[in-house]
2 protein chains.
Amino acid sequence: MATSFAEENYLKIIYRLSESTLEDISTNAVAELTQTKAASVTDMLRKLAEKGWVNYQKYQGVRLTDEGEKIALSVVRKHRLWEVFLVDKMGFNWDEVHEIAEQLEHIESEALINKLDEFLDFPKTDPHGDPIPNKEGILPELSYMHLSDLKENKACVLMGVAKDSAVFLQLLTRLHLSLGAKLMVKEINPFDRSISVSINDSEPVFISHEVAKNILIKIV
Amino acid sequence: MATSFAEENYLKIIYRLSESTLEDISTNAVAELTQTKAASVTDMLRKLAEKGWVNYQKYQGVRLTDEGEKIALSVVRKHRLWEVFLVDKMGFNWDEVHEIAEQLEHIESEALINKLDEFLDFPKTDPHGDPIPNKEGILPELSYMHLSDLKENKACVLMGVAKDSAVFLQLLTRLHLSLGAKLMVKEINPFDRSISVSINDSEPVFISHEVAKNILIKIV
DNA sequence: AATATTTTTTAGTCAAGACTAAAAATTTAT
DNA sequence: ATAAATTTTTAGTCTTGACTAAAAAATATT
């Protein structure tokens, strides 16, 4: 069954919200991310349920069916592959690609997306470190920690971010925090949980807990 | 002013029709290419006229204003650049790219299309030999002849096609008629105006007048 | 010039996807 | 346990871009 632009967006957003919780997703949460009103969401959820893409009971929230998740994963795959294209091939910065990828993710061509995947050398993650589902919709296993959970003096590598708003990414860029950077937490301030962190063995800089929480790392 | 998907399509199609005639474009002609009904076209033409993108008088047909042409040219530019991308970088054949480019042409990002242009090395023509407008909307001058108008025993090079339906392009491919091929007309049959033409100095093959008419060439 | 044919427009509908305002259900607080 | 606050749904409306059927205008034919 064909999926419209709007339907794909809803499924993608329900998927994103499901990533960080096991609970059913609330109408309001969806409304916020789709930039629509709760009433519009209710309408759409009924339609999606009718098509068998979500399980939805009035007032109970929503969750994707297997079929709905499959569609969502294909949209996510397209979004993330296009982001890699935009950064690696077109020379955009990681904070500039989201809006364009929001458009490109709806291009309908299985052949194109698979050729693009190959052209980009089958990347496992997008420019923010988010995993890219393969052709079959399987996500690569990436188990990252949050920088805010790391002990002092342990070496680690920046593998991704848990948030991809442009302002956040621009801040990271200004601090020279980019994918692959070597990090070591030098001190943790109990007062506000801010930390001082050395980036690629340079003089440590201060970052807030809020920032550290959204940096994903792998211990080396 | 923002342009919708549908509006861009109408403007593009009016532009395409205007390329081959100086007359105003009829409602029916537009309906055929947009795959809609004449009544729907009438509706849209009124809206486009209101926005100042076309000059339209009931029963008199339509023509683009300068502003409308500017929008159409930017859509055509995007369409043709994406076609180059699909063939040169993604490895599609020239008969496979039209539908995908129909989608990609509506992606809205000035920055992206200019980076793409650069990435592709500022191509002057798309995979069918159609000229690509530059950033300013200026078309490169390409004055090609139709193969059907060429005398016998004059050498020429295949520079483009005047029609890009998949079946036509597939026929050309089967005959080894691709962009850049060296051609020489060996005989012209007065009976049906079919011609026999040698391709890259090989044994001549027969092609119909209809095919020859849609092959664009440059004399060498 | 009158009639027939074709083309175009008008009028009235429809579906998708959004909205607001009000009602109903759920959750939180007293 | 009830009242208050919040969330969600319903009901009704709007815009976009399509449709069909009928009317009107333009063009072609005799």
Side-chain angles (χ1 to χ4, degrees), chain A residues 1-15 17-18 21-64 68 71-72 75 102-103 105-106 108, chain B residues 1-15 17-18 21-64 68 71-72 75 102-103 105-106 108:
Chain A
M1 201 186 298
T3 48
S4 75
F5 221 87
E7 289 166 344
E8 288 190 354
N9 268 327
Y10 276 93
L11 293 174
K12 173 191 67 183
I13 275 161
I14 297 166
Y15 176 81
L17 290 166
S18 303
T21 176
L22 293 167
E23 319 246 308
D24 286 6
I25 307 306
S26 76
T27 301
N28 259 2
V30 175
E32 199 175 330
L33 289 212
T34 48
Q35 315 244 58
T36 61
K37 295 302 161 70
S40 312
V41 174
T42 301
D43 269 6
M44 182 56 97
L45 294 185
R46 250 200 293 96
K47 288 178 200 165
L48 294 177
E50 219 158 86
K51 300 200 177 190
W53 297 332
V54 300
N55 287 122
Y56 166 64
Q57 303 274 66
K58 275 193 198 183
Y59 297 103
Q60 301 302 135
V62 71
R63 101 193 353 262
L64 295 174
I71 298 168
V75 177
E102 290 281 303
Q103 299 179 61
E105 73 190 5
H106 302 292
E108 198 181 304
Chain B
M1 196 186 301
T3 47
S4 73
F5 219 89
E7 289 166 345
E8 288 189 354
N9 268 327
Y10 276 95
L11 293 173
K12 174 192 68 182
I13 276 162
I14 297 166
Y15 175 82
L17 290 166
S18 304
T21 177
L22 293 167
E23 318 246 308
D24 287 5
I25 307 305
S26 75
T27 301
N28 259 2
V30 176
E32 198 174 334
L33 288 212
T34 49
Q35 316 244 59
T36 61
K37 296 302 161 73
S40 312
V41 174
T42 301
D43 269 6
M44 182 56 97
L45 293 186
R46 252 201 289 97
K47 289 178 199 165
L48 294 177
E50 220 156 85
K51 301 199 176 192
W53 297 332
V54 300
N55 287 123
Y56 166 65
Q57 303 274 66
K58 277 192 200 186
Y59 297 103
Q60 302 303 135
V62 72
R63 100 192 356 261
L64 294 174
I71 298 168
V75 177
E102 290 282 303
Q103 299 179 61
E105 72 190 5
H106 302 292
E108 197 181 306

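Letters go in sequence order (proteins before strands), and every chain restarts at 1.
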Enquirer: Tell me whether the OP1 or OP2 atom of C/dA23 has a side-chain N or O from A/Tyr59 closer than 4.0 Å.
Expert: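 The answer is no; no side-chain N or O of A/Tyr59 sits under 4.0 Å from OP1 or OP2.
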
Enquirer: Give B/Phe5 one of three labels, base, sugar-phosphate or nothing, depending on what nucleic acid heavy atoms sit under 4.0 Å from its own.
Expert: nothing

Enquirer: Rounded to whole angstrom units, what separation is found between the CD atom of B/Glu32 and the P atom of C/dT7?
Expert: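 Rounding to the nearest Å, CD of B/Glu32 and P of C/dT7 are 11 Å apart.
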
Enquirer: Within the structure shown, what part of the strands sits under 4.0 Å from A/Ala39 by heavy-atom distance: base, sugar-phosphate, or nothing?
Expert: base

Enquirer: Using side chain to side chain contact (heavy atoms under 4.5 Å, CB included), reason through A/Thr42 and A/Lys58 one step at a time and then give a plain yes or no.
Expert: CA-CA 9 Å; A/Thr42 301; A/Lys58 275 193 198 183; over 6 Å; no

Enquirer: Could you pull out the closest heavy-atom pair between B/Lys51 and B/Glu7, with the gap in Å?
Expert: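 So the minimum-distance heavy-atom pair works out to NZ-OE2, 2.9 Å.
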
Enquirer: Under 4.0 Å, heavy atoms only, any strand: does A/Ala6 hit a base, just the sugar-phosphate, or nothing?
Expert: sugar-phosphate

Enquirer: Taking CD from A/Glu8 and P from C/dG17, how many angstroms apart are they, rounded to a whole number?
Expert: 11 Å

Enquirer: Any side-chain N or O of B/Asn28 below 4.0 angstrom from OP1/OP2 of C/dT6?
Expert: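 Answer no for this pair, as no side-chain N or O of B/Asn28 is under 4.0 Å from OP1 or OP2.
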
Enquirer: As a test of reading the structure: which of D/dT20, D/dT9, D/dT8 is closest to the side chain of B/Lys37, going by heavy atoms?
Expert: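 That would be D/dT20.
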
Enquirer: Counting only side-chain nitrogens and oxygens, does A/Lys47 get under 4.0 Å of the OP1 or OP2 atom of C/dA16?
Expert: no

Enquirer: Please report the distance, rounded to the nearest Å, between CG in A/Asp24 and C1' in D/dT7.
Expert: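 Answer to the nearest Å: 15 Å.
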
Enquirer: I'd like to check the salt bridge (charged side-chain N to carboxylate O under 4.0 Å, His left out) partners of A/Glu23; sequence neighbours left out, ordered by chain and number.
Expert: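 Salt bridge (charged side-chain N to carboxylate O under 4.0 Å, His left out) list for A/Glu23, sorted by chain: empty.
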
Enquirer: Just the rounded figure in Å: distance from P of C/dA16 to CG of A/Leu48.
Expert: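 It works out to 12 Å between those atoms.
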
Enquirer: How do B/Thr36 and A/Ser26 order along DNA chain D: which one's closest nucleotide is nearer the 5' end?
Expert: A/Ser26

Enquirer: Taking the side chain of B/Thr42 as heavy atoms from C-beta outward, which of D/dT8, C/dT10, D/dA26 is closest to it?
Expert: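 So the side chain of B/Thr42 is nearest to C/dT10.
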
Enquirer: Less than 4.5 Å apart, any side-chain heavy atom of B/Leu45 and any of B/Ile14?
Expert: yes

Enquirer: For C/dA16, does OP1 or OP2 lie under 4.0 Å from any side-chain N or O of A/Ser4?
Expert: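 No, outside the criterion.
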
Enquirer: By nearest atom, which of the nucleotides C/dT8, D/dT20, C/dT10 is closest to the B/Arg46 side chain?
Expert: C/dT10

Enquirer: Mind calculating the distance between CD (B/Gln60) and C1' (D/dA25) to the nearest angstrom?
Expert: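 These atoms are roughly 10 Å apart.
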
Enquirer: Main chain of B/Leu22, side chain of B/Arg63: is a donor-acceptor contact present, judged purely on distance under 3.5 Å?
Expert: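 The answer is yes, because a donor-acceptor pair under 3.5 Å joins these two groups.
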
Enquirer: To the nearest Å, give me how far apart CD (B/Gln57) and C1' (D/dA25) are.
Expert: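 Interatomic distance, CD of B/Gln57 to C1' of D/dA25: 15 Å.
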
Enquirer: Is there a side-chain polar atom (N or O) of B/Tyr10 under 4.0 Å from OP1 or OP2 of D/dT16?
Expert: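 Looking at the OP1 and OP2 atoms of D/dT16, neither is under 4.0 Å from any side-chain N or O of B/Tyr10.
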
Enquirer: At less than 4.0 Å, is any side-chain N or O atom of B/Tyr56 found next to OP1 or OP2 of C/dT9? Yes or no.
Expert: yes

Enquirer: Can you tell me if A/Ser40 touches the phosphate of C/dC19, counting only side-chain N or O atoms and a distance under 4.0 Å to OP1 or OP2?
Expert: yes

Enquirer: Taking all non-hydrogen atoms of both residues into account, name the closest pair between A/Tyr15 and A/Ala72 and its distance.
Expert: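 Here A/Tyr15 and A/Ala72 meet closest at CB-CB, 3.6 Å.
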
Enquirer: Check whether any side-chain N or O of B/Lys58 sits under 4.0 Å from OP1 or OP2 of C/dT10, and answer yes or no.
Expert: yes

Enquirer: Would you indicate which nucleotide in C/dT9, D/dA18, C/dT20 comes nearest to any side-chain atom of B/Asp43?
Expert: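 So the nucleotide nearest the side chain must be D/dA18.
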
Enquirer: Between B/Lys51 (NZ) and D/dT15 (C1'), how many Å, whole number?
Expert: 11 Å

Enquirer: Rounded to the Å, how far apart are B/Leu45 CG and D/dT16 C1'?
Expert: 15 Å

